Every structure is written in structure tokens, then in C-alpha cells.
Number of protein chains: 2
Amino acid sequence: MVRMEQHTAERILATARQLVIAGGYNGFSYADIAAVVGIRKPSIHHHFPSKADLVQALVAGYRDDLAAGLAHFENLSPDAAVQLQSYIATWEACITDGSMPFCLGAQLAAELPALPPEVAVEVKAHFRLLAAWLTEVLARGAQQGRFRLTDSAELEAEGIMATVHGAMLSARAYGTPATFGLIVGPLLQRLII
Amino acid sequence: MVRMEQHTAERILATARQLVIAGGYNGFSYADIAAVVGIRKPSIHHHFPSKADLVQALVAGYRDDLAAGLAHFENLSPDAAVQLQSYIATWEACITDGSMPFCLGAQLAAELPALPPEVAVEVKAHFRLLAAWLTEVLARGAQQGRFRLTDSAELEAEGIMATVHGAMLSARAYGTPATFGLIVGPLLQRLII
DNA sequence: CACCATCTATCTACCAGTAGGTAGGCTGTC
DNA sequence: GACAGCCTACCTACTGGTAGATAGATGGTG
């Protein structure tokens, strides 16, 4: 072959991510991926034996990326308000420019009852990771005097996560990416002192 | 035949609704429905020529049910706060008892880019209907002195809708129906005077 | 009333296409 | 020569959908 090396597995994952975000677990096939990546269908099985393996690896990698991104936000500034704003702003940018119009975790959570168990586990881990980070940031921000919390940090974090996910859904339903920012903006204003 | 009459179409729709809520548009097949309803697969085509027809009718009927439900809440009490609470409480009950663990409109919105156009149109109409009703209720409640709005009724309505949808998603992801109430409760407390 | 046409709802049998997945072979690199 | 990576060829199961037949109800006409 003409040199595709390990690189191919990543191209498969990148393609799968786009397709899953567009149509969910049952919304794509190995044939779809093969057509985009430019290899034959069975070659995908060489990298990911089964579809469940592929999507499991996809969500696990997505979670790693998320964790790295969140750590990056914490390095940018010690101010919890800035960290939270960075998270929101990043999503706003991805949705607006269409590079990532929806959260992979939220997408798969919607069809959780129909997912292979090994994928469902990864999706749940995604929610736990995100909720834990938001809780930490809110607690830290409250301690810094940057946030005004009316409920526990845990509960406020769950509320923020839910609103962010719901805002993505509305932006998609209306076909207007700006909807995301419109919904999420007041969320921060209410919180930041 | 032993008399199934028109009744069959409704049993097909009821089954389809459950299956779509569990796994989305591509998460069920005519064979699945046939097995539940107790007829043969091609008999479904007699009632709904294509899968897109079936799901279009499903969402249209779901929206009619929603409109009827919202009108019912308005008949129960002239108090906008009670009307909004009725809406929330109804969802809380459906999620808790498992009879309707997710909103059909939100489920399909998640895979909107992959949906047949005639279905996508119905899903968008669902979002517009719900947002319009919430906007009305919030405006009326503010006028009645029952709600404290910090933004426009339209924007607050979008925020509530997003949070409700996101709370359903989190309840599903965590596998804990009570999560819905935990997230949505503070939403009302913040609003009601 | 008897007759016939039509309609509705279902069936069996089948179609082409696609799903995820397997077997085994070729080729270039370490 | 082992192995990674890709290929062709193939498999079974299932997809949405069609064709044509059947059985029973309906309704108009002589």
C-alpha cells in the first residue's frame, strides 16, 4: 500500500464522529465511513473489529479530548468564571462554525436504551466527568467570590449541563446556531457576580 | 378478519412512539412494530405507505396531543404559575413512571440532519409550538405578578425549554428518573414570586 | 332478497439493497 | 519471515418496500 499507517484509524474515528453527531449510532454504517476515508469496508474491521468497538473507542477518545480541553481552560486562568466562560465559548464557536454542531455524549445519551452496553458505559462516564468538572468550577468560583450560587454546586452544575445540552438541541431544531448563545448567555449572567 | 378496524393504525403508532423514544428514527424497523402489534410486516404499509409517512404522522399526532394537553392546563387554572407547574409535573410523572421517559420531539431533533425532510418539518413545528406556549405563559404570569422575569418572555421560554430537554437527557444518561425533578425544580423556584 | 362490485385489512411470497462481519490472499516494511 | 494494512470475495440477516391473493364487510341495483 501507498502509506496510510496508523493515521488511518484516526481518520476512521474522525469520520465516525461526524456521522454519529449527525445521525446517531444507527445513523451510519461501515460503508459510509469507507466511502469518506477512501478504503474498503472490511479494512475498517482491521482497526475496529465491531461497530460497538469503534463507537466505544470514539466516545472514550472524545472524553479524553474533553478532559484535556477542561485542563487547558484551567491553565488559561485561575479565575473560575473565566474557566466556565471558556467552556461555553468553545461550544459556541464549534456550533457557530459548524465544526462540531452537537455534543457526541449528548447525542448518544438520547438513544442510550438502544446502545450496546459497552458504549452506554462510556456515555455515562462522559456525563459524570462533565458534571464533576462543572461542580468543581462552581465551588471554586463561589469560594473566589466570583459566583453567586442559589443551590449546591452539584445541583447548579447539573442545571448548567442540562441547559447547555438543551440549547444545542434547540439550535439544531431551529436550524439557527445563534440560538445556543442566546440561551446560554443569560445562564452565565445570572451566575457571575 | 376478526375485526381489528381502524384501531390497528393507532396500535402501530403507539408502538412506533415507544420504539422511537427508545432508539430514534433508525432505531426501529417495520419488523419490530409488526412483532409487537401482532400483524405481518407488509400490513403496516397498508396504513403507512413508507417509514417517513409513519413517523411524520407520529410526530404530527404527538404535537396534537401536546396542544390538547397545554389547553387542558389552561383550563385547570387561570394562574400561569400553576399552568407551568402542571406542564413540568406531567413530564416528571411520565419520566418517573417510565410511561414516556423522553420527549419524542427532542429525541428526533437530536438526529434532525439525518431525518427525511417531511419528518424534520414536523419536529421543527413541535419546537415552535412549545416555545410559543411557554412564551405566552411566562408573559401572562409576569402580567399577573406571578413570575419574576429577568429577560424577555421569549428568551426565558427558550431557556426553560432547553433546560427541560437537557434534564430529560441527564435523567436518561444517569439512569435516574429523579434527576429530572432535581434539575427542573430550581428552575421554577427562581421564577415564581 | 339475490347478486355483484367494491373496499378494507390482512396475508404469503418475494424483491433489491444494505447491514455488520468473516476468510483468505497480496504486498511492503522491519 | 513475521506482521501490519489493505484488498477481493463472500456470508447471513435484515432493511424498506412490492405483488398478488384472500376473506369479510358494505352498498347499490334488478
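Just so it is clear, the model here is predicted, and its values are computed rather than measured. By convention in this document, chain letters (A, B, ...) are assigned in the order of the sequence lines, proteins followed by strands, and residues within each chain are numbered from 1.
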Taking atom C1' of dA9(C) as reference, at what distance in whole Å does atom CD of Glu10(B) sit? 15 Å
Using whole Å, report how far NZ of Lys51(B) lies from P of dT15(D). 9 Å
Assess whether a salt bridge exists between Arg140(A) and Glu74(A), defined as any Lys/Arg side-chain N lying under 4.0 Å from an Asp/Glu carboxylate O. yes
Do Thr150(A) and Glu156(A) meet the criterion of a side-chain donor-acceptor pair at a distance under 3.5 Å? yes
His45(A) NE2 - dA4(D) P separation (whole Å): 19 Å
Phosphate oxygens OP1/OP2 of dT10(C): is one of them under 4.0 Å from a side-chain N or O of Thr8(B)? yes
Using only heavy-atom distances, determine whether the side chains of Ser99(B) and Asp97(B) contain a donor-acceptor pair under 3.5 Å. yes
CD/Gln18(B): more than 12 non-hydrogen atoms of other groups inside 6.0 Å: no
Contact residues, residues 113-121 of chain B to DNA chain C [heavy atom, < 4.0 Å]: none
Treating Glu92(A) as the side-chain partner and Phe180(A) as the backbone partner, does any N or O pair qualify as donor plus acceptor under 3.5 Å? no
Should the pair Tyr30(A) and His45(A) be assigned to parallel (<30°), tilted (30 to 60°) or perpendicular (>60°) ring geometry? tilted
Set of side-chain contact (heavy atoms from CB on, under 4.5 Å) partners for Thr15(A), sequence neighbours left out: Leu19(A), Ile33(A), Val36(A), Val37(A)
Flag yes if Val82(A) and Leu149(A) sit in one hydrophobic cluster, no otherwise; membership is Ile, Leu, Val, Met, Phe, Trp, Tyr, and two members link when side-chain heavy atoms are under 4.5 Å apart. no
Only pairs under 3.5 Å count here: list side-chain donor-acceptor contacts from residues 107-127 of chain A, not counting sequence neighbours, and write none if there are none.
residue: Gln107(A); atom: OE1; partner: Arg172(A); partner atom: NH1; Å: 3.2
residue: Gln107(A); atom: NE2; partner: Ala110(B); partner atom: O; Å: 3.3
residue: Glu111(A); atom: OE2; partner: Tyr25(A); partner atom: N; Å: 2.6
residue: Glu122(A); atom: OE1; partner: Arg63(A); partner atom: NH1; Å: 2.6
residue: Glu122(A); atom: OE1; partner: Arg63(A); partner atom: NH2; Å: 3.4

Has Asp53(B) got a side-chain atom pairing as donor or acceptor with Ser50(B)'s backbone, closer than 3.5 angstrom? yes
Between residues 14-32 of chain A and DNA chain D, which residues have a heavy-atom gap below 4.0 Å? none
Any idea how Phe73(A) and Tyr87(A) line up, ring-wise: parallel (<30°), tilted (30 to 60°), or perpendicular (>60°)? perpendicular
What's the CZ-C1' distance between Phe48(A) and dA19(C), to the nearest Å? 19 Å
One would report the end-axis bend of the helix from dC1(C)-dG30(D) to dC30(C)-dG1(D), five pairs per end and rounded to 10 degrees, as 10°
So does His47(B) get a side-chain nitrogen or oxygen closer than 4.0 Å to the phosphate oxygens (OP1/OP2) of dT10(C)? yes
Between the protein and nucleotides 12-15 of chain C, list the N/O to N/O atom pairs that are separated by less than 3.5 angstrom.
residue: dT12(C); atom: OP2; partner: Arg40(B); partner atom: NE; Å: 3.3

What's the NE2-C1' distance between His46(A) and dT8(D), to the nearest Å? 16 Å
Side-chain heavy-atom pair Leu188(A), Ile88(A) within 4.5 angstrom cut-off: yes
Could you report the tightest heavy-atom contact between Tyr174(A) and Ala131(B), atom names first, then the distance? OH-CB, 3.2 Å
